Colleague: 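Mind having a look at this structure? Questions to follow.
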Amino acid sequence: MASDFSPIDFKEALNQEQYDAVTAPEGPALVLAGAGSGKTRTLTYRVAYLLSSGIQPNEILLLTFTNKAAKEMLERVEDLTGIPRHHLWGGTFHSIAQRILRTHGEAIGLKKNYNIIDESEAEDILKSSIAVVDPKFIKTKDNPKPKVIANLISYARNTRTEISDEAADRYPFIEGIGQKVEAFYKHYKKSKLSQQVTDYDDLLELLLVLFKENPEIAAIYQKRFKNILVDEFQDTNQLQSDIVDSFATAHQIMAVGDDAQCIYTWRGANYENIMGFTDRHPNAVIHKIETNYRSTPEILDFSNAILKAQPSGLHFSKELKAVKPSGEPPYFVPVMDTRNQAQFILKRIQGLIDEGFNYSDIAILYRAHYHSMDIQMELSRQNIEYQITSGVRFFEQAHIRDLTAQVRFASNPSDITAFKRFTGLLPRIGPKTSENLHKFTRTYAEKNTLNFCDALRSEVVLKKVPKDAQEEWESLSETIYELNQALETEKPDAIIRLAVDGWYSSFIREIYPNWTDREEDLISLIGFASRFDTIEELLAQLILLASETTERTGEERKHCLRLTTVHQAKGLEFPIVFIIGLADGLFPLKRTIDDGDIEEARRLFYVACTRAQKELYLCYPMLNQQGNNIMRLNPSRFIQEIDPSLFQTLKIAPNRAW
DNA sequence: AGTCGAGTTCTTTTT
DNA sequence: GAACTCGACT
């Protein structure tokens, strides 16, 4: 209990800037916290401060951008105050929305057991919708692909613009594209509702619909959350901003962010949210936190110089002030090519280890995953362990999705998307056959007033299954039926265990040569499931926690070298940072130069550099070879625009040892 | 009509 | 290495 904890000495724990923000009186506040200035610290102490001044845990809403951030902050609050983290409402916008919809969704036609689908499933549904609405559309070569349309729709929804306008904007040369995409979307929406599934954007949109149509439900939360805190405010989009507004009707909000670190506009992040905060909350107080505890003055000077190249007027002026002792200016390292780059980095790392650094002190950052290929190869060649926050996430692995699809379906038999996923594993069953089977079973079940999962294992249905699949079908349908029955009585972990031991366990043995690895994953899923009280909550979190990457080896890997994209490195810090591929075409990417947002790429570079505490290496490969053709590359424009006195160029002769 | 297999192309960022 | 295309096969 909180009383067991000695009162926190806020004055002692914080600097003046932080203290002012943490103890700010009621009313809207905007905290502009630069990189490394203790943003998380400020936010967690703010929560602790509120709690210590008598606010109840369930009166605080803490909205974060990632699950990781939410977890970290709640843990720190718990350490500080002793209040268990689950007493607080903290999480991503999506997970909070999910939580509320699970309770009140029925008011807008969402059953309690609705399922959340991921991006690829959403694409599949959209694709079938397009095929229904306009069968010729997909076959016409000049038309955008379903994936691109899905992207466009999502962007429009997140920025709260008309889908038809967005489509017409992007494809002015396609006749009537606006109406078409609009029609696709309408069908897609209907399809999801009939399956009782929601995509990511639905969670946010439907929450707003729920609040709008049911003011009495909205009032519950508006009244309850006396304090709303939003992290990474610069990366919120219009949809999220509207959600914040729908909670904070009395301006009881503290937004924390750094406009210089806005790197998600491609996902609809709206710079205006932070820049126009004081307009929407007229009495807002701005707190600037500019003391940087992370980096040497040299690294900070360099980072500040990146921002100086920004066109003026689009940002709050700020300059990070260093308190750390002086170090070496950042190294600019031209290398021949990416292989050479890998060799340089490995040699230098060896040197750093000899100097007494640990592998875990070192991070290698890059713009895109594939930039790290050569480094990865070199690292495994030399048997150096590394931790990579890779593109493939735990939940997205095929076997995890196969298994959860079964549980999902048993829990919500209208989820045809899930049905297609696992039935499609059987021979001679593709999307079409799967759909027909579902339709047939439904009619049969209705006629005989049978439970759907019961009907699935009947003789009549079996006869409709292609011959090659019938044997597997008997075992599969039995498992689905068992799962469905178990939902009533069993806990989530028991249900997952049932699925792991069922049809799928024999199936993976036949399909995958490395089935033992995969079975291990599935078994770890049972452990994960035991953390949840209801199967709905488990299924939701499995999707929403998708970014919780393959961390099962997490514990033993903590001590090793980190490879990560700049985006995923946000919020982290390392004594030694290597940024690789700093050439025009790689960072910024060619695509960004051609038709992207250079300003955002520059902010991304700023984020990358401000991760470094002691030493920063900027590697520039002069040649890039893709396939057979070799191309000359220019140094990244972001380095060229910086005063050369702020960094030192390292000349490495091909054979010179470090 | 729908599924399967071989061959080909191209790699952003995440809830 | 995955995702997509295209032609062959049931």
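Quick note: numbers below take in every heavy atom, side chains included, and nothing from hydrogens, waters or symmetry partners. Letters A, B, ... are given to chains in the order of the sequence lines, protein chains preceding strands, and every chain is numbered from 1. Just so it is clear, the structure is predicted and the values come from calculations on it, not from any experiment.
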Colleague: With rounding to the closest Å, how many angstrom separate the C1' atoms on C:dC4 and B:dT13?
Modeller: 22 Å
Colleague: Answer yes if the ring centres of A:F247 and A:F211 are under 6.0 angstrom apart, and no otherwise.
Modeller: yes
Colleague: To the nearest Å, how far apart are A:L586 CG and B:dT11 P?
Modeller: 13 Å
Colleague: Nearest whole Å is fine: how far is B:dT15 P from A:L63 CG?
Modeller: 15 Å
Colleague: Give me each pair satisfying ring pair (Phe, Tyr, Trp, His ring centres under 6.0 Å) with a member in residues 137-156 of chain A, each pair once, sequence neighbours excluded.
Modeller: A:F137-A:F184
Colleague: Ring of A:W266 versus six-membered ring of B:dT12: centres under 5.5 Å and planes under 30°?
Modeller: no
Colleague: For A:W473, enumerate each residue passing the ring pair (Phe, Tyr, Trp, His ring centres under 6.0 Å) test, keeping only those at least two apart in sequence or located in another chain.
Modeller: none
Colleague: Measure from NZ on A:K68 to P on B:dT13 and round the result to the nearest Å.
Modeller: 15 Å
Colleague: Report the C-alpha distance between A:V256 and A:L229 in whole Å, list the side-chain angles of each, state the deciding distance to 0.1 Å, and finish with yes or no for side-chain contact (heavy atoms from CB on, under 4.5 Å).
Modeller: CA-CA 8 Å; A:V256 182; A:L229 300 101; 5.9 Å; no
Colleague: Excluding sequence neighbours, so at least two apart, what forms ring pair (Phe, Tyr, Trp, His ring centres under 6.0 Å) with A:Y264?
Modeller: A:F65, A:W266, A:H567
Colleague: Heavy atom of residues 93-103 of chain A under 4.0 Å from DNA chain B: which residues?
Modeller: A:H94
Colleague: Round to the nearest Å and state the distance from A:Q261 atom CD to B:dT13 atom C1'.
Modeller: 15 Å
Colleague: Looking at A:R339 and A:D374, is any side-chain nitrogen of the basic one under 4.0 Å from a carboxylate oxygen of the acidic one?
Modeller: no
Colleague: Please list, chain by chain and in numerical order, all residues satisfying salt bridge (Lys or Arg N to Asp or Glu O under 4.0 Å) with A:R421, sequence neighbours excluded.
Modeller: A:D402
Colleague: Between A:K432 and A:E435, is there a side-chain N and carboxylate O pair less than 4.0 Å apart?
Modeller: no
Colleague: Distance under 6.0 Å and angle within 45° of the ring axis: does A:R102 meet both against A:Y114?
Modeller: yes
Colleague: List every contact pair, protein side and nucleotides 3-7 of chain B side both N or O, where the distance is under 3.5 Å.
Modeller:
unit_1: B:dT3; atom_1: OP1; unit_2: A:G430; atom_2: N; d: 2.8
unit_1: B:dT3; atom_1: OP1; unit_2: A:G430; atom_2: O; d: 3.3
unit_1: B:dT3; atom_1: OP1; unit_2: A:T433; atom_2: N; d: 3.0
unit_1: B:dT3; atom_1: OP1; unit_2: A:T433; atom_2: OG1; d: 2.5
unit_1: B:dC4; atom_1: OP1; unit_2: A:R428; atom_2: N; d: 2.4

Colleague: Look at A:Q568 and B:dT14 and indicate whether a side-chain polar atom (N or O) is within less than 4.0 Å of OP1 or OP2.
Modeller: yes
Colleague: Does B:dT11 have its OP1 or OP2 closer than 4.0 Å to a side-chain nitrogen or oxygen of A:H369?
Modeller: no
Colleague: Report the distance from atom OH of A:Y264 to atom C1' of B:dT13, rounded to the nearest whole Å.
Modeller: 6 Å
Colleague: Starting from P on B:dT14, measure out to CD1 on A:I117 and report it in whole angstrom.
Modeller: 20 Å
Colleague: Just how far, in rounded Å, is C1' of B:dT15 from CG of A:N151?
Modeller: 13 Å
Colleague: Which comes earlier along DNA chain B counting from the 5' end, the contact point of A:T92 or that of A:R367, where each point is its nearest nucleotide?
Modeller: A:R367
Colleague: For the pair made of OH in A:Y370 and P in B:dC10, what is the distance, rounded to whole Å?
Modeller: 13 Å
